[in-house]
2 protein chains.
Amino acid sequence: MNTLAYGLLSLLSHSSLSGYDLMLKIQPFWPAKHSQIYPLLARLEQKELVSCALVQQSDKPDKKVYSIKEAGLAALREWLTEPASDPVMRDELMLKAFCMSNVSPAVSRKLFVARLEHYRNKMTRLQDRLQSIRQHDGLEEGALPVYSSPYFGAFILLNKGMMTCRTNIEWCEWVLQIVPEE
Amino acid sequence: MNTLAYGLLSLLSHSSLSGYDLMLKIQPFWPAKHSQIYPLLARLEQKELVSCALVQQSDKPDKKVYSIKEAGLAALREWLTEPASDPVMRDELMLKAFCMSNVSPAVSRKLFVARLEHYRNKMTRLQDRLQSIRQHDGLEEGALPVYSSPYFGAFILLNKGMMTCRTNIEWCEWVLQIVPEE
DNA sequence: AGTAACATGTAATGAGTTACATGATTCT
DNA sequence: AGAATCATGTAACTCATTACATGTTACT
């Protein structure tokens with residue numbers, strides 16, 4: 001039972017999902033490819049932490065929908081009582097920033113312009129998602145979901161994403177201000 | 001030549017360091033254990049990108065100090081012209097936050113209190129480091145190093161660290177405000 | 001005498017990515 | 001007919017962590 005396994009259980013505790021959907025949904029929190037997800041789901045099913053149902057679709061290929069079982073929820077609750085391990089951030093731009101005085105300002109600026117673009121796109125996507133979960137939970141602008149709502153977690157995470165994005169954008173803009181134009 | 005290899009070259013472009021020091025210094029940007037660093041340094045030496053000198057010490061065990069060679073600097077400059085890949089963040093707390101409505105608020109609060117502590121400690125360490133590089137570069141409070149200074153990269157990275165820390169602290173405090181006390 | 005930090009290495013295992021493989025369904 | 005998305009799986013490889021292994025020096 002590694003972190004990714006608990007991550008899948010975490011998503012499944014909110015709603016039943018296919019392996020494909022799990023793969024898409026877990027990206028912002030714990031990036032993983034389908035080649036990692038599918039075998040892991042099979043193991044979780046073996047362990048009786050999740051169940052699986054074949055769902056036939058007419059508009060799309062059939063899919064296997066996984067649901068969390070009581071044992072899975074118990075494992076999840078147990079895991080939640082343990083302290084979370086420290087976050088791990090791996091960003092090539094940090095390494096490049098460290099040694100950028102070795103190249104011309106123009107080369108450096110290009111890196112930060114690209115990153116700025118990346119965070120601005122991400123920001124837009126986050127805003128859209130926040131709008132959509134506000135509607136799901138029937139929330140007015142500025143109102144907060146209650147703790148017991150299953151959307152509470154998603155809500156605070158989206159807010160974190162927005163705050164982080166904003167900070168990163170500010171940082172990139174600040175760097176571009178102090179890195180000379182040529 | 002993976003990202004870690006370029007990361008080592010990046011640090012070495014600023015100053016010559018032992019494998020042990022490299023291992024300590026690279027942690028904030030690209031976490032890696034010594035078991036990954038030492039074999040990689042041997043490969044970089046084989047490729048003639050770095051050179052190695054045995055330095056005898058009396059107060060501590062002897063060490064091997066690595067220096068970047070001209071070919072290493074060339075590889076670094078080449079790498080800097082390529083776009084940086086997207087940052088990868090893996091944080092167990094995000095996964096736990098997503099499903100925290102499955103446990104009592106007390107259990108959830110504990111996670112965020114611990115994380116708040118973590119970021120406050122980190123913030124203090126960053127402030128100390130920023131002070132020390134200000135002195136190295138002979139900078140007044142509020143002044144910025146010039147682009148060509150080898151400390152420029154470290155300086156903007158420390159500022160990013162501080163901004164990120166501050167944002168994370170704000171987020172944790174906000175979450176603790178809206179998660180009920182019991 | 002024992003612990004902690006410094007210092008370097010290898011071996012085994014686990015986690016994660018890329019590539020290989022296949023097929024359904026929709027849209028252009 | 002071809003591209004894009006949906007959908008699931010395995011195999012090979014690289015990357016990263018943990019464990020094994022050893023030795024120095026300083027401090028208590």
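A note on names: the letters A, B, ... follow the listed sequences, proteins ahead of strands, and every chain is numbered from 1.
Nearest nucleotide to the side chain of B/K60, out of D/dA26, C/dT8, C/dC6: C/dC6. Across D/dA7, D/dG23, C/dT26, the shortest atom-to-atom separation from the side chain of B/P61 is found for D/dG23. Listed nucleotides C/dA7, D/dG9, D/dA26 differ in distance to A/Y66; the shortest reach to its side chain belongs to D/dG9.
For the pair A/D59 CG and D/dA4 P, the interatomic distance rounds to 20 Å; values are reported in whole Å. For A/K33 and C/dG16, the NZ to P distance is 12 Å, given to the nearest whole Å. Put simply, NE2 on B/H34 is 12 Å from C1' on C/dA11, counting in whole angstrom units. Distance, A/R90 CZ to D/dC15 P: 12 Å, rounded to whole Å. A straight line from CE of A/M23 to P of D/dG9 spans 12 Å, rounded to a whole angstrom. If you measure from atom CG of B/N2 to atom C1' of C/dT17, you get 13 Å, rounded to the nearest angstrom. Taking atom NZ of residue B/K64 and atom P of nucleotide C/dA7, one finds them 14 Å apart after rounding to whole Å. Put simply, CH2 on A/W30 is 10 Å from C1' on C/dA15, counting in whole angstrom units.
The residue among A/S58 and A/T3 whose nearest nucleotide of DNA chain C lies closer to the 5′ end is A/T3.
The side chain of B/Y20 contributes no N or O atom lying less than 4.0 Å from OP1 or OP2 of C/dT8. Look at A/Q57 and you'll find a side-chain N or O under 4.0 angstrom from OP1 or OP2 of D/dA7. For the OP1/OP2 pair of C/dA24 and a distance below 4.0 Å, the side-chain nitrogens and oxygens of A/K63 include no atom meeting the criterion.
Using a 4.5 Å heavy-atom cutoff, the side chains of B/K160 and A/M94 are in contact. At least one side-chain heavy atom of A/L157 sits under 4.5 Å from a side-chain heavy atom of B/F98. Considering only heavy atoms from C-beta on, A/M89 stays 4.5 Å or farther from B/W30 through its side chain.
A side-chain donor-acceptor contact under 3.5 Å links A/T167 to the backbone of A/M163.
Interatomic distance, NE2 of A/H118 versus SG of A/C165, reported as 8.0 Å (0.5 Å rounding). The distance from atom OG of A/S13 to atom CG of A/L76, rounded to the nearest 0.5 Å, is 5.5 Å.
Taking A/K47 as the reference, A/M1, A/L49 meet the side chain to side chain contact (heavy atoms under 4.5 Å, CB included) condition, with sequence neighbours excluded.
Across residues 35-44 of chain A, A/S35, A/Y38 each have a non-hydrogen atom less than 4.0 Å from an atom of DNA chain D (numbered order).
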